[in-house]
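See below for the structure under consideration.
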Amino acid sequence: MTYGYKSDFLRILAERGFLADCTDPQGLDDALLKGAVPAYIGYDATAKSLHVGHLLNIMVLRWFQKTGHKPITLMGGGTTKGGDPSFRSEERPLLDAAAIDANIEGMQSVFAKYLRYGDGPADAIMLNNAEWLDGLNYLDFLRDVGRHFSVNRMLSFESVKSRLDREQSLSFLEFNYMILQAYDFVEIHRRHGCLLQMGGSDQWGNIVNGVDLARRISGAEIFGLTTPLLTTSDGRKMGKSAGGAVWLNADMLSPYEFWQFWRNTTDADVGRFLKLYTELPVEECDRLGALEGSEINAAKIILANEVTTLCHGAEAAQTAEATAREGFERGGLGGDLPTLTLGGDDLEGGLSIAQLFVRAGLAKSGKEAKRLIAEGGARANDAPVTDAGQMVRADDLAEPMKLTAGRKRHALVTLG
């Protein structure tokens, strides 16, 4: 299959399912053929770790570097002080400088696992937009940058319009975010010759603003590109599990729990996730994704091993697989654990994870199940359960689900 792109980067992105929108696909394709192009993705420091929702664009940066180009990871030390309002129903909690710096320190270690940093033409660099945003003179900024923005146009962006349509408050601080993000592109182009900003499709409006502003100020031919916002085949936001966010830092989620998240991928998502989150050839991803029945389980183990190796190393992936085989396949599926078999009628409209613990005999009541979850004593497929209201549906039981209460009480839940 051909996608008509001449540059390796765009061809790979198209083949593997990374492409959503681009401001000028042909112009970017031509620019990528001329030599190493610098491109950046920005990350606001709202937590001490990145999570699986960020992993798609980290893989984009990795492919960008593998095809000979220069990735820039931009830490939002400045923009985090305001907070991106895109598609949020309320303002983010404001963080002080110390909390932002601590979050950036926690996030930085992840990038070094996926990218090569250094001084070479295709070596990655890391920037912090506090370097230029913290020192801005407000009146000068309004005069030199603000004059290029139309409030009418800013109000038309879906990320802002959706908040206003719901009559939910949008602070002036948040409204300024898109101007600051656009100005980032101006500064990174000026300082490092950056020609491309990338991000998730929820950032399309902000990215287009940055392209327009940089062109107005410098006259440069620059580009914007977005990746799709992923949901699983059953409609869930990618990166969420029964236990909450799937963090990339080992001190916030163990490599074993990370491995289990990928091992528990729904059958319908295996081929797609192999293309997006591993470096296996596309043909092999398609072959593995087409497997059925018990054979698809082997593909899920390959997926879990490949993704865990990239994030935590080969040894962590091997240890996780061995632990899973020992603790789950031998003990869990060998008939040693009490089993709750549910019918389709039981799951109409979904069944909460707290109710499941009660039905499986691991809690005497919903109140006890919620207390177990709140105290950190509940696990599903060896991943911590933190949300008692998490709904379990038929797709979640395509394979037996192992529930654990405390350290020694286990049960299996299957779909009859």
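Just so you know, these numbers come straight off a predicted model, no measurement behind them.
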Which residues pass the ring pair (Phe, Tyr, Trp, His ring centres under 6.0 Å) test with F111, not counting sequence neighbours?
Y43
For atom NZ of K370, is the number of surrounding heavy atoms from other residues, nucleotides or ligands below 6.0 Å larger than 12?
no
E221 atom CD, neighbour heavy-atom count above 12 within 6.0 Å:
yes
So do L397 and L347 actually touch side chain to side chain, heavy atoms under 4.5 Å?
yes
Looking only at heavy atoms, what is the nearest atom pair of T278 and C285, with distance?
OG1-SG, 4.3 Å
Qualifying residue, where the test is ring-ring contact (aromatic ring centres under 6.0 Å, His included) with Y277 and the options are F258, F18, W262
W262
Hydrogens and angles aside, do D184 and W132 bring a side-chain donor and acceptor to less than 3.5 Å of each other?
yes
Where do E321 and I301 land on the side chain to side chain contact (heavy atoms under 4.5 Å, CB included) test, with the steps shown first?
CA-CA 8 Å; E321 181 183 359; I301 290 173; 3.5 Å; yes
Run K275 and D286 through salt bridge (Lys or Arg N to Asp or Glu O under 4.0 Å) and show every step you take.
CA-CA 8 Å; K275 290 178 187 177; D286 287 335; 2.8 Å; yes
Short side-chain donor-acceptor distance under 3.5 Å, Q197 and Q181:
yes
When you measure from the side chain of N305 to the backbone of I302, do you find a donor-acceptor pair of N or O atoms at a distance under 3.5 Å?
no
Identify, with sequence neighbours excluded, every residue that meets side-chain contact (heavy atoms from CB on, under 4.5 Å) alongside T231.
none
Listed partners of D396 passing salt bridge (charged side-chain N to carboxylate O under 4.0 Å, His left out), at least two apart
R236
For a 4.5 angstrom cut-off between non-hydrogen side-chain atoms, does T23 reach L225?
no
Nearest 0.5 angstrom please: L180 CG to N209 CG, how far?
11.5 Å
D21 (side chain) donor-acceptor with T226 (main chain) under 3.5 angstrom
no
Non-hydrogen atoms of W247 and S49 that approach each other most closely
CZ3-O, 3.2 Å
One pair to check against side chain to side chain contact (heavy atoms under 4.5 Å, CB included): N381 and M401. What are the steps and the verdict?
CA-CA 6 Å; N381 289 338; M401 177 183 289; 3.9 Å; yes
For S254, all residues meeting side-chain contact (heavy atoms from CB on, under 4.5 Å), sequence neighbours excluded:
Y256, E257
Who passes ring pair (Phe, Tyr, Trp, His ring centres under 6.0 Å) against H189, sequence neighbours left out?
none
What heavy-atom pair brings R215 and I222 nearest, and what distance separates the two atoms?
NH2-O, 2.7 Å
Within-4.5 Å side-chain heavy-atom neighbours: Q390 and V385
no
Work out which heavy atom in N103 is nearest to a heavy atom in A45; give both atom names and the distance.
ND2-O, 3.0 Å
List in chain and number order the residues that pass side-chain contact (heavy atoms from CB on, under 4.5 Å) with D269, two or more places apart in sequence or in another chain; answer none if no residue qualifies.
T232, S233, T265, T266, R272, F273
Gap between atom NE2 of H192 and atom CD1 of I125 - 0.5 Å precision
4.5 Å
For K300, enumerate each residue passing the salt bridge (charged side-chain N to carboxylate O under 4.0 Å, His left out) test, keeping only those at least two apart in sequence or located in another chain.
D267, E399
Can you measure from CE (M126) to CG (L74) and round to the nearest 0.5 angstrom?
9.5 Å
In terms of heavy-atom contacts, L280 and R16 come closest through O-NH2, 2.8 Å
Run the ring pair (Phe, Tyr, Trp, His ring centres under 6.0 Å) test against F185 and tell me which residues pass, sequence neighbours left out.
Y40
Tell me, with the steps shown, if L351 and L342 meet side chain to side chain contact (heavy atoms under 4.5 Å, CB included).
CA-CA 10 Å; L351 192 69; L342 297 175; 4.2 Å; yes
Are E131 and N128 linked by a side-chain donor-acceptor pair shorter than 3.5 Å?
no
If every non-hydrogen atom of L291 is compared with every non-hydrogen atom of A299, which pair is closest and at what distance?
CD1-CB, 4.3 Å
Going by atom type alone, with no hydrogens or angles, which donor-acceptor pairs under 3.5 Å involve a side-chain atom of residues 56-67 and a protein atom two or more places apart or on another chain?
{"from": "N57", "atom 1": "OD1", "to": "T227", "atom 2": "OG1", "distance (Å)": "2.9"}
{"from": "R62", "atom 1": "NE", "to": "E279", "atom 2": "OE2", "distance (Å)": "2.4"}
{"from": "R62", "atom 1": "NH1", "to": "Y114", "atom 2": "O", "distance (Å)": "2.9"}
{"from": "R62", "atom 1": "NH2", "to": "E279", "atom 2": "OE2", "distance (Å)": "3.3"}
{"from": "Q65", "atom 1": "OE1", "to": "R116", "atom 2": "N", "distance (Å)": "2.9"}
{"from": "Q65", "atom 1": "NE2", "to": "R116", "atom 2": "O", "distance (Å)": "2.8"}
{"from": "Q65", "atom 1": "NE2", "to": "A122", "atom 2": "O", "distance (Å)": "2.8"}
{"from": "T67", "atom 1": "OG1", "to": "W63", "atom 2": "O", "distance (Å)": "2.9"}
{"from": "T67", "atom 1": "OG1", "to": "F64", "atom 2": "O", "distance (Å)": "3.0"}

If you define the side chain from C-beta out and look only at heavy atoms, does anything of L276 sit under 4.5 Å from L230?
yes
Give a yes or no on whether a salt bridge exists between K48 and D251, defined as a side-chain N under 4.0 angstrom from a carboxylate O.
no
Across all chains, not counting sequence neighbours, the side-chain contact (heavy atoms from CB on, under 4.5 Å) partners of E368 are A363, K364, S365, R371
Under 3.5 Å, side chain of T80 to main-chain N/O of T46, donor-acceptor pair present?
no
Reported CZ-to-CG distance for the pair R379 and L372, which is rounded to 0.5 angstrom:
11.5 Å
Would a distance-only check, ignoring hydrogens and angles, find a side-chain to backbone donor-acceptor pair under 3.5 Å from D123 to Y117?
no
Counting only heavy atoms not in K113 (residues, nucleotides, ligands), do more than 12 fall under 6.0 Å from its NZ?
yes
Should W259 and T319 count as side-chain neighbours, where that means a heavy-atom distance under 4.5 Å?
no
Report the distance from atom CG of L19 to atom CD1 of I12, rounding to the nearest 0.5 Å.
11.5 Å
Side chain to side chain contact (heavy atoms under 4.5 Å, CB included), that's the test. Do Y183 and L133 meet it? Break it down for me.
CA-CA 9 Å; Y183 185 66; L133 294 181; 3.9 Å; yes
N/O donor-acceptor pairs under 3.5 Å from side chains in residues 310-318, not counting sequence neighbours:
none

Residues in side-chain hydrogen bond (donor to acceptor under 3.5 Å, both in side chains) contact with W204, at least two apart in sequence or another chain:
none
Report the distance from atom CD1 of I353 to atom CD of Q355, rounding to the nearest 0.5 Å.
10.5 Å
